[in-house]
There are 2 protein chains.
Amino acid sequence: MRLTEKEVVTILRQHGYKLTWQRRVVIRTVVSTQDHHTPTAIYEKVHQDYPNIGLVTIYRTLEILARLNLICELHAGGSCHSYTIAAPGHHHHLICSNCGRVVDFTGCELEELQQSLSKETGFRIDGHLLEFIGLCQTCQKETITK
Amino acid sequence: MRLTEKEVVTILRQHGYKLTWQRRVVIRTVVSTQDHHTPTAIYEKVHQDYPNIGLVTIYRTLEILARLNLICELHAGGSCHSYTIAAPGHHHHLICSNCGRVVDFTGCELEELQQSLSKETGFRIDGHLLEFIGLCQTCQKETITK
DNA sequence: TATGTAAATGATAAATTATTTCACTTAGAA
DNA sequence: TTCTAAGTGAAATAATTTATCATTTACATA
Ligand SMILES: [Mn+2]
Ligand SMILES: [Mn+2]
Ligand SMILES: [Zn+2]
Ligand SMILES: [Zn+2]
C-alpha cells in the first residue's frame with residue numbers, strides 16, 4: 001500500500017518541517033497518480049492550478065521527500081549518463097559508492113520473480129535493472145583510517 | 001570478462017560506423033578503467049591529451065556505444081530525477097516504459113546473492129537497486145491496435 | 001488571539017548539462 | 001588517388017539544476 005497524503009504530511013511534520021501549502025500541493029500531486037514524474041513535470045502540473053509556485057520549491061520539496069523516503073527515485077527508462085565498459089551477455093553491476101569502481105556479475109536469477117510479477121500484474125516484462133551498491137575493499141580501509 | 005578495445009572497435013565497424021581517432025580515444029578511455037564516468041568526466045580526461053576533441057563527439061560516441069551494448073549505463077549512486085510516491089518498507093518497482101505507470105512489489109529475495117557477492121568481491125554491500133520494466137496491460141492493447 | 005522568529009518561498013542569476021545546426025574534414029570504399 | 005557519405009567541432013540554443021537573497025509565512029509561545 002502506498003503512502004497517503006495524510007501519512008506523508010504527518011511524517012514531514014514529525015521531522016520538523018513546516019507544512020506550507022506549496023508542499024502540500026506537491027505531495028498531493030505525487031500521491032494522486034500511479035505514474036512517476038520529473039521535477040519539471042510536477043511543476044507544470046502544479047503550475048496550472050497554482051501559477052505562483054516556483055520551480056525551485058518543487059526541487060526543494062522533492063529533495064526532502066526523497067531523503068525521508070516518502071517518495072522513491074526511479075531509474076529504468078530514465079536517462080542516466082554514467083557509463084562503464086560492457087561485458088558480453090547478461091550481467092549486472094556492483095558499484096562502489098565512494099570510488100566508482102564497478103564489478104560485473106552474472107546469475108541474477110530473476111526469471112521466477114519476473115514470471116510471477118507478470119502473472120499478477122498483467123505486465124509484459126521486457127527487462128530488469130539490478131545493481132548492488134556498497135564500498136570496495138580499498139574504500140572500506142580508507143574509511144576506517146579516517 | 002569485459003570487452004577489450006579491439007573487440008569494441010571490431011563490433012563498431014561491423015555495424016558500419018567509421019573508426020575515427022576520436023572514437024578510438026573515447027573507447028580506450030572507457031576500456032582502461034574499472035570506474036564509471038559521465039560524458040563530462042570522459043571529456044575532461046580525453047581533453048588533456050587531445051585538446052581538439054569536442055564534447056559533442058563524446059556524447060555522440062557514447063550514445064552509439066550504448067546502443068550497441070558496448071558500454072553499460074549505470075544508475076545507482078547517480079541522480080535520476082524521476083519520482084513516485086513511496087510505500088512502507090523494502091520494496092521495488094515495476095514500470096511501464098510507455099505510460100510510466102508504477103507498480104510496487106516486495107519479495108526481491110536478493111540477500112543470498114548479496115552475501116555471495118560480498119564474499120567473492122570483498123565489498124561491503126549497503127543496498128541494491130532493482131526495477132522491472134515492461135508494458136502494462138493498457139499499453140499492450142494500444143500497441144496491438146496501432 | 002497576537003507576536004516573534006526561524007524556516008521557507010520565489011525572483012533572479014548563474015552554473016551545468018544536453019541538443020541542434022551547419023560548414024568543414026576525414027575514413028574508407030572504389 | 002579520388003570520391004563521398006559519414007563524422008567532427010564551433011557556436012548557438014535549450015534544458016536542467018543550483019545558488020543567492022530580500023520577502024513572506026508557519027507555527028511555537030506568550
Ligand atoms: Mn538512473
Ligand atoms: Mn529489494
Ligand atoms: Zn571504492
Ligand atoms: Zn503503460
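Quick note on labels: first sequence line is chain A, next is B, and so on, each numbered from 1.
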Item to complete: Find which nucleotide of DNA chain C each of Y17(A) and K18(B) is nearest to by heavy atoms, and output the residue with the more 5' nucleotide.
Response: Y17(A)
Item to complete: Can you tell me the distance, in whole Å, between the CD1 atom of I27(B) and the P atom of dG7(D)?
Response: 12 Å
Item to complete: Over all heavy atoms of both residues, which pair between T57(A) and Q22(A) is shortest? Give the atoms and the distance, please.
Response: CG2-CB, 3.9 Å
Worksheet item: Partners of E131(B) by side-chain contact (heavy atoms from CB on, under 4.5 Å), sequence neighbours excluded?
Response: L74(A), H75(A), A76(A), L129(A), I95(B), L129(B)
Worksheet entry | Separation of dA26(D) P from R24(A) CZ (nearest whole Å) | 12 Å
Worksheet entry | Between S82(A) and H36(B), a side-chain donor and acceptor under 3.5 Å | yes
Worksheet item: Of the nucleotides dG9(D), dT20(D), dG7(D), which one has an atom closest to the side chain of R60(B)?
Response: dG9(D)
Discussion item. How many whole angstroms separate atom CD1 of I64(B) from atom P of dG7(D)?
Written reply: 6 Å
Discussion item. Without decimals, in angstroms, what is the distance between Y59(B) OH and dT16(D) P?
Written reply: 13 Å
Discussion item. Membership question, hydrophobic clusters at under 4.5 Å side-chain separation (ILVMFWY): are L70(B) and I27(B) in the same one?
Written reply: yes
Item to complete: Give one of base, sugar-phosphate or nothing for R13(A), where a contact means two heavy atoms less than 4.0 Å apart.
Response: sugar-phosphate
Discussion item. Between P on dT17(D) and CD on E73(A), what's the gap in Å once rounded to a whole number?
Written reply: 11 Å
Discussion item. Base, sugar-phosphate or nothing for I53(A)? Non-hydrogen atoms, less than 4.0 Å.
Written reply: sugar-phosphate
Discussion item. Nearest to the T57(B) side chain among dA26(D), dT8(D), dT17(D), which nucleotide is it?
Written reply: dT8(D)
Worksheet item: Would you say T20(A) reaches dA26(D)'s phosphate, i.e. side-chain N/O to OP1/OP2 under 4.0 Å?
Response: no
Practice prompt. Name the first nucleotide and the last nucleotide along DNA chain C (5' to 3') that come under 4.0 Å of a heavy atom in chain B.
Written response: dT17(C) to dG28(C)
Worksheet, complete the sentence: note: Y43(A), atom OH; dT17(D), atom P; distance rounded to Å ~ 14 Å
Practice prompt. Find which nucleotide of DNA chain D each of R23(B) and P51(B) is nearest to by heavy atoms, and output the residue with the more 5' nucleotide.
Written response: R23(B)
Item to complete: Hey, can you tell me if F132(B) and F105(B) have their rings parallel, tilted or perpendicular (30° and 60° cut-offs)?
Response: tilted
Worksheet item: Rounded to whole angstroms, how far apart are CH2 on W21(B) and C1' on dA6(D)?
Response: 16 Å
Worksheet, complete the sentence: Rounded to whole Å, the CG-P distance (L55(B) to dA12(D)) equals 16 Å
Practice prompt. Give a yes-or-no answer on whether the side chains of H90(A) and H128(A) include a donor-acceptor pair shorter than 3.5 Å.
Written response: yes
Worksheet item: Quick one: on DNA chain C, does G16(A) or V56(A) contact a more 5' nucleotide (nearest heavy atom)?
Response: G16(A)
Donor-acceptor pairs are to be reported for all side-chain atoms of residues 1-18 of chain A against protein atoms at under 3.5 Å, with residues two or more places apart or in another chain.
| from | atom 1 | to | atom 2 | distance (Å) |
| --- | --- | --- | --- | --- |
| R2(A) | NE | D104(B) | OD2 | 3.0 |
| R2(A) | NH2 | V102(B) | O | 2.8 |
| T4(A) | OG1 | E7(A) | N | 3.2 |
| T4(A) | OG1 | E7(A) | OE1 | 3.3 |
| E5(A) | OE1 | R28(A) | NE | 2.9 |
| E5(A) | OE2 | R24(A) | NH1 | 2.8 |
| E5(A) | OE2 | R28(A) | NE | 3.3 |
| E5(A) | OE2 | R28(A) | NH2 | 2.8 |
| E7(A) | OE1 | T4(A) | N | 2.8 |
| T10(A) | OG1 | K6(A) | O | 2.8 |
| H15(A) | ND1 | I11(A) | O | 2.9 |
| Y17(A) | OH | R67(A) | NH2 | 3.0 |

